[in-house]
There are 2 protein chains.
Amino acid sequence: MSDRRVTLQTVADHVGVSRMTVSNAFSRPDQLSAELRERILAAAEDLGYAGPDPAARALAKGTTGAVGILLTDSLEYAFTDEVAALFLGAIAQELGASGLSLTLLSSSVTTPDVLPARDVPLDAALVYSCEDDSPAIDWLRRRHLPLVYVDQTPVSGITSVNIDDRAGARAAAQHVVDLGHRRIGIVTSNFGVPAGLIDRPADRATGHVGRQRMLGWLEALDAAAIDPVVVSEQLSGEATGRHAAELLLDLPEPPTAVLCFSDAMAYGVVETAIERGLSVPDDLSVVGYDDSPLAARMRPSLTTVRQDVIAKGRAAATELRTAMDRARTGSAGRAKRIRLAADLLVRDSTGPLRHRAAVDGPARTR
Amino acid sequence: MSDRRVTLQTVADHVGVSRMTVSNAFSRPDQLSAELRERILAAAEDLGYAGPDPAARALAKGTTGAVGILLTDSLEYAFTDEVAALFLGAIAQELGASGLSLTLLSSSVTTPDVLPARDVPLDAALVYSCEDDSPAIDWLRRRHLPLVYVDQTPVSGITSVNIDDRAGARAAAQHVVDLGHRRIGIVTSNFGVPAGLIDRPADRATGHVGRQRMLGWLEALDAAAIDPVVVSEQLSGEATGRHAAELLLDLPEPPTAVLCFSDAMAYGVVETAIERGLSVPDDLSVVGYDDSPLAARMRPSLTTVRQDVIAKGRAAATELRTAMDRARTGSAGRAKRIRLAADLLVRDSTGPLRHRAAVDGPARTR
DNA sequence: ATCGGTTACTGTACCGATACAGACGACAGA
DNA sequence: TCTGTCGTCTGTATCGGTACAGTAACCGAT
């Protein structure tokens, strides 16, 4: 008695056909008569055959039906962050329509010898907003998987989808400069340092997006000869926004305008300011980034930089599929560099500089 | 010249060791000398070897490092729905800590012959709030994967994690009854019918959760001899909540209290009521379900039934891991049935029935 | 010198499918 | 009757690893 698992062969023996025919019954219905196929399927059902073993099929066929998405260290970020969720939702929708499943990959090494990016069977992968030098990316590349980079420094040979973050940030900074602000704070994340005020950051952001936005902000501020106060946090949520706000507002000369890396951070800043009795935008102007749903429902509504994350997700999914097609057919299309717009959206959280009675503020004569 | 892909053998030949030793260099560092391991790894690097092929490894080892989660048809729901996202985030966090990756599986058949639940290599799977008779569940079961059911009708032999939804719904209904309401509306989803008013629903909900909540609501209403007006929608978001509210408020005798399947639906109901000039809770009491973040930030804050989705996610992940351990060691632990509490949380969206002067129109005297 | 115990490595036997090139009978056309 | 073609089904050769048992060398203890 075979106590072994039931496999193609088991079914084949039972029906009295070759293993190959059973395989075809499942994967290539056109290769055999409908009648025989029915018989085979029935026998398989009887025997409790679960269909071709996915692992074996993956090995033989070279295809798994799953595409990975590499995320910054914590997986829950994918669901926690409103903007990431919107983006991933769009991807999942596009990909799901092609029958592909989406596998969330953590780029942080968890156990020393388990590396999702190296070990999980995949047909292709998206790299989303990871540190450029992440070892996980190296593994994916070495595997020669069709890849698409999103919110990532473009690399030759790999299609990338980016937002024009630099222009967006520049517009945000220019906006507050135009409103007359001169003491400007920047609240961003992942500039390497633990957390707190940092010196004029050159290129120290660990992420491409953080770097681009910083570049954009500084571009406009430099042009106006303004030296901003920069706070870097570890994460870009509300809590860190609050923390950063405390730091900035405790300064002897607190800023009158704050540029934030995300809407969530901006929310934390606004709330903190309000709790301290300040008025937004009268005492403090705040600009967010992303135009997440939160931005519109805030009170005051948040001036922010809009990016179309849904479009970004759709573009990424589409490009990933063409990359997969290219790999399958062996054709050599060129890698694209897609760049989507980022537009300043002025709402109610920013306003013109109001000269306060306070002593130590820079007394400027408009 | 071997134009072929570089494999273990390629590396082995180059270094002059057996294929097995190269395999060990990657997967069992303790099986060879550090010196040799270094040499092998270096050679692998040189040759551009990408590490053991995941598909082959999965076949040989019987393990992939990925666990699936089966979702109701649309994948984007995982990210779109605030409650689902919270739940999945907790799961991802727990699982990620064990080095496992999470694969989102769509339970709807997309292409005729692509069935994620049947074809994607997986070590185990969670079934989350799917229709009980979904073919995808059958496939997962036939594959003999370690399984955990969440928000799903428990089945013998499979560990399940559920919320005491029936009790929660009963408490919600009892609450409005206690407030004196007699004309009560129910806004739920997925009761099979297209969308609209439905007759007293016996068991027609396609989902376990929908059924349980309906049972709970009816239990309390029956006891009070109240016959509710029931609206069923396709989805459980704000939009459908609005649609349902229109239906209910257009009734000759509109309800004075509405019980909703989700907070998002409740939000839609509240907004619609307010837009129509009604006051919540004076003219209309509304109860939600889930206690999502939305419930607390609504205005008026939403009376709802609280379930701890994070705990649910953690429990599910933990149980899934023990199920995997059981499968690996072959030990035969018993399947558990976990049931978490659901508690009524009274906030500002419900109030005592106010007797109105007007017959059919809400004539209010401010 | 013998022996038990490590450490370091190797050989063989699978894991469970798919690809691709036939084989074979039936049937239409010459 | 012979031949070409089509529709079905089969055999063999991979796909690229890991498990496990075994061997050889080495080392300290008796």
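Bear in mind that the values here come from a model prediction, so they are computed numbers and not experimental data. In the text below, chain A, chain B and the rest are named by the order of the sequence lines, each starting its count at 1.
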query = Closest to the A:D53 side chain: C:dG16, D:dG11, D:dA13?
reply = C:dG16
ask   = When the nearest nucleotide of DNA chain C is assigned to A:L8 and to B:Q31 on a heavy-atom basis, which residue is associated with the more 5' position?
value = B:Q31
request  = Would you indicate which nucleotide in C:dA17, D:dG16, C:dT12 comes nearest to any side-chain atom of B:T7?
outcome  = D:dG16
Nearest listed nucleotide, side chain of A:A60, among D:dT10, D:dG17, C:dA17 = C:dA17
ask   = OP1 or OP2 of C:dA19 less than 4.0 angstrom from a side-chain nitrogen or oxygen of A:R28, does that happen here?
value = yes
query = Are the side chain of B:E131 and the backbone of B:G207 linked by a donor-acceptor contact shorter than 3.5 Å?
reply = no
inquiry  = For the backbone of A:E76 and the side chain of A:S74, can you confirm whether one donor and one acceptor N or O come within less than 3.5 Å of each other?
reply    = no
request  = Let me know the distance between CD1 of A:I40 and P of D:dT10, rounded to the nearest Å.
outcome  = 8 Å
key: Euclidean distance, atom CD of residue B:E38 to atom P of C:dA8 [Å, nearest integer]   = 14 Å
request  = Give the rounded distance in Å between these two atoms: CZ of A:R37 and C1' of D:dC9.
outcome  = 16 Å
ask   = Which whole-number value in Å describes the distance from B:E35 CD to C:dT7 P?
value = 18 Å
message = I want to check one thing: is the phosphate of D:dG16, taken as OP1 and OP2, less than 4.0 Å away from some side-chain N or O of B:R5?
response = yes
query = So does B:T21 get a side-chain nitrogen or oxygen closer than 4.0 Å to the phosphate oxygens (OP1/OP2) of C:dA8?
reply = no
inquiry  = With rounding to the nearest 0.5 angstrom, report the CZ to CG distance, B:R211 to B:N190.
reply    = 11.0 Å
message = Between P on C:dC9 and CG on B:L32, what's the gap in Å once rounded to a whole number?
response = 6 Å
request  = Would you mind reading off the distance between B:L36 atom CG and C:dT10 atom C1', rounded to a whole angstrom?
outcome  = 12 Å
query = Using a cut-off of less than 4.0 Å, is there contact between a side-chain N or O of B:Y49 and OP1 or OP2 of D:dG16?
reply = no
inquiry  = Rounding to an integer number of Å, can you tell me how far B:N24 CG sits from D:dC20 P?
reply    = 12 Å
Shortest side-chain distance from B:A56, nucleotide among D:dG16, D:dC9, C:dA17 = D:dG16
remark   = Between B:Q9 and A:S33, the residue closer to the 5' end of DNA chain D by nearest nucleotide is A:S33
ask   = Can the ring centroids of B:Y49 and B:F26 be said to lie less than 6.0 angstrom from one another?
value = yes
task = Go through the steps for A:K312 and A:D151 under the test salt bridge (charged side-chain N to carboxylate O under 4.0 Å, His left out), then give the verdict.
result = CA-CA 9 Å; A:K312 186 167 76 175; A:D151 282 356; 2.8 Å; yes
key: B:L59 side chain, from C-beta outward: closest of D:dG16, C:dA17, D:dT10   = D:dG16
ask   = Whole-Å distance between C:dA21 P and A:M20 CE?
value = 13 Å
request  = Indicate whether OP1 or OP2 belonging to D:dG16 is found under 4.0 Å from a side-chain N or O atom of B:R57.
outcome  = no
